[in-house]
Amino acid sequence: MITHVDRAKFYQDSVNKQWLITGTGINITNNDIEDGSISIKEHICSSENLEFGLCESSTFACTIHDFNSSLQGKEITVSLVLDNDISNPFPIGVYKVDSDQPAANRKYRKIVAYDKMKDICESQVTSWYNSLQFPMTVKSFRDAFFNHFNVTQETITLPNDSITISKFDFEDDEINGEDLIKPICEMNGCFGHIGRDNKFHYIFLEEIIEGLYPANDLYPSNDLYPREENVAQGIDLEHYQTIDYEDFTVKTIDKLLVYNLEGNVTKEVGTGNNKYFLNNIFCYNLSGTALTSMANNLFDKIRRVSYVPIDVLACGNLCIEVGDSIRVNTSEKLFYTYILDRTMTGTSLLTDEYVSTGTEKRSLVLVKLFLEMFHRQMEML
């Protein structure tokens, strides 16, 4: 959640919204943008069930007119001026234009741009990876990784930063960035995301604490009544247009199974049946204290995550970010969830679609997917 901007301004039709797209030789404003054509797509987990470690790129798209030169391959910075406060533009993101398609009459150009996550994940890093001196800590590895890409990380200590990892010997001729940063994020129970500040952020799904409001004559003690919720934002009836939600709550993960390269379980944490399977290249060679510490730290981060799957169409508010927890208050039900996937559209009138998917329990289908993933990884050896 972005807190330095008055988020209520996004809900006020009277507040002027001016888009700015800038770069070398680029200065595009609302006058150059086709009304309603802007689209911003952000994800941290677009899979059916939670798959920790995913690092998915964000997309910015719009249609511009009367702009003769191609923007393909150029870096653009997108911001939004709210209420004519030109000295404090609201940052949207930094993107590289991937495609610039002129319309048939050449008056309009449709541009699609991605943030730097796309280049990070798709870049070939075999030579760089093979030049590293292992063993090294997770912290040292991720620092070296992002220095290689000249990308700034947020300042953070990850749960397993101090774990020492060994080199995994890929035999595939090409190792891309995703092959390396995804397992680092997964073993720490988070997702990778490029933020509005153009830095790499580690997104954790924090435990949702619901508000506790019993009857005035029933509260047990001063320290228990009321209990404040910790969600980032509430969406009330006046702020959403349509809503679909499941009649169940995704169950918390209550067991973690860590596998080695041979497909054997090397560590179990938890005693339940709703299992998360960790098949991670940087965890294969862990043993003893390191394996126990890694597994306990990871389990502590993923075991409290529970939410209601939703698909909400609401008034657009860019203060709300992927990874945020939200309270949805309808005429029928009050419930809590996370934003795992969002699509914002519009220019002056903004609309947000918030999506989170999931099944009530992590079923045997996930076991099948895990085995398929394991066999694919074995084929790389």
Side-chain angles (χ1 to χ4, degrees), residues 43-45 47 50-57 115-170 172 174-195 199-205 256 258-261 266-267 269 276-287 290-302 305 322-323 370 373-374 376-377 380:
H43 328 266
I44 59 169
C45 182
S47 61
L50 286 178
E51 183 181 345
F52 293 96
L54 292 180
C55 299
E56 302 184 280
S57 61
D115 66 15
K116 60 179 61 175
M117 187 72 82
K118 187 174 190 291
D119 283 343
I120 291 172
C121 289
E122 294 181 358
S123 293
Q124 204 267 358
V125 292
T126 307
S127 296
W128 171 82
Y129 176 71
N130 288 331
S131 72
L132 295 176
Q133 297 298 311
F134 287 90
M136 62 196 310
T137 64
V138 168
K139 177 65 164 60
S140 297
F141 180 85
R142 65 183 178 91
D143 286 349
F145 181 85
F146 286 107
N147 285 337
H148 174 70
F149 285 102
N150 196 28
V151 170
T152 302
Q153 305 172 77
E154 67 167 318
T155 302
I156 189 174
T157 299
L158 300 182
N160 284 314
D161 259 351
S162 62
I163 297 294
T164 298
I165 55 178
S166 301
K167 183 178 182 180
F168 176 74
D169 292 323
F170 294 89
D172 194 341
E174 291 199 6
I175 307 169
N176 59 39
E178 185 179 20
D179 294 329
L180 302 179
I181 190 56
K182 182 179 182 294
I184 291 295
C185 288
E186 184 186 32
M187 68 185 294
N188 284 285
C190 62
F191 306 90
H193 181 66
I194 302 296
K199 296 180 181 179
F200 186 94
H201 287 255
Y202 300 88
I203 306 297
F204 291 89
L205 298 181
L256 169 66
V258 183
Y259 286 76
N260 63 15
L261 187 58
T266 57
K267 191 68 182 179
V269 182
Y276 188 87
F277 304 98
L278 184 67
N279 176 33
N280 190 298
I281 62 172
F282 292 127
C283 299
Y284 287 154
N285 295 323
L286 297 180
S287 60
L291 178 62
T292 299
S293 178
M294 182 283 301
N296 286 336
N297 291 339
L298 172 58
F299 187 61
D300 187 59
K301 282 297 180 183
I302 66 178
V305 176
V322 285
F370 167 78
M373 178 178 63
F374 176 77
R376 285 198 301 270
Q377 194 151 293
M380 298 170 60

Problem set entry | side-chain contact (heavy atoms from CB on, under 4.5 Å) between M294 and L278, intermediate numbers included | CA-CA 11 Å; M294 182 283 301; L278 184 67; 3.9 Å; yes

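- Side-chain contact between H43 and L54 is absent, with no heavy atoms from C-beta onward closer than 4.5 Å.
- A distance of 4.5 Å separates CG in L158 from CG in N188, rounded to the nearest 0.5 Å.
- When all heavy atoms are compared, the tightest approach of C121 to C55 is SG-O, 3.5 Å.
- Panel note: side chain T164, backbone M136; no donor-acceptor pair is recorded below 3.5 Å.
- The OH atom of Y284 lies 11.5 Å from the CG atom of L286; values are rounded to the nearest 0.5 Å.
- You'll find the side chain of F149 stays beyond 4.5 Å of the side chain of D119, heavy atoms only.
- Of all non-hydrogen atoms in I165 and F282, the two that sit nearest each other are CG2-O, 3.7 Å.
- For the pair G323 and L205, the tightest heavy-atom approach, listed with the atom from each and the gap, is O-CD2, 3.9 Å.
- Of the charged side-chain nitrogens involved, at least one lies within less than 4.0 Å of a carboxylate oxygen, so that K182 and E51 count as a salt-bridged pair.
- To the nearest 0.5 Å, atoms CG (D161) and CZ (F141) are separated by 12.5 Å.
- Among all heavy-atom pairs drawn from Q153 and K199, the shortest one is O-CD, 4.3 Å.
- Across every non-hydrogen atom of I302 and G189, the tightest pair is CG2-CA, 3.9 Å.
- Checked against the 6.0 Å centroid threshold, F134 and F168 do not count as a close aromatic pair.
- Residues passing the ring-ring contact (aromatic ring centres under 6.0 Å, His included) test with F200 are F146, Y202, sequence neighbours excluded.
- For the pair C190/I203, no side-chain contact is recorded, criterion being any heavy-atom separation below 4.5 Å from C-beta on.
- Side-chain atoms of K167 and N285 include no donor-acceptor pair closer than 3.5 Å.
- When all heavy atoms are compared, the tightest approach of F191 to C185 is C-SG, 4.4 Å.
- Using a 4.5 Å heavy-atom threshold, the side chains of N296 and V269 count as touching.
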For this session: Take N130 and F170, measure what side-chain contact (heavy atoms from CB on, under 4.5 Å) needs, and give me the verdict at the end.
Result: CA-CA 9 Å; N130 288 331; F170 294 89; over 6 Å; no

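- At least one side-chain heavy atom of L180 sits less than 4.5 Å from a side-chain heavy atom of V125.
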For this session: Using the side-chain contact (heavy atoms from CB on, under 4.5 Å) rule, take T137 and I163 through it: C-alpha gap first, then chi angles, then the decisive distance, then the call.
Result: CA-CA 5 Å; T137 64; I163 297 294; over 6 Å; no

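- The structure places SG of C283 at 12.5 Å from CG of L261, a figure rounded to the nearest 0.5 Å.
- Between the OG atom in S57 and the CD atom in E178 there is a gap of 9.5 Å [rounded to 0.5 Å].
- One N or O on the side chain of T126 and one on the backbone of I175 form a donor-acceptor pair closer than 3.5 Å.
- With a 6.0 Å cutoff to the six-membered ring centre and a 45° limit on the axis angle, K301 counts as a cation-pi contact of F204.
- In summary, the side chains of E186 and Y276 do present a donor paired with an acceptor at a separation below 3.5 Å, with no hydrogens or angles considered.
- No donor-acceptor pair under 3.5 Å is formed between the side chain of N297 and the backbone N or O of N160.
- Counting heavy atoms from C-beta outward, H193 and V322 have side chains that approach closer than 4.5 Å.
- Looking only at atom types and distance, the side chain of S162 has no donor-acceptor partner in the side chain of K139 under 3.5 Å away.
- Expressed to the nearest 0.5 Å, how far CD of E56 lies from CE of M117 amounts to 9.0 Å.
- The ring-ring contact (aromatic ring centres under 6.0 Å, His included) check on H148 picks up W128, with sequence neighbours excluded.
- Contact check for Q124 versus N176: no side-chain heavy atoms found under the 4.5 Å cut-off.
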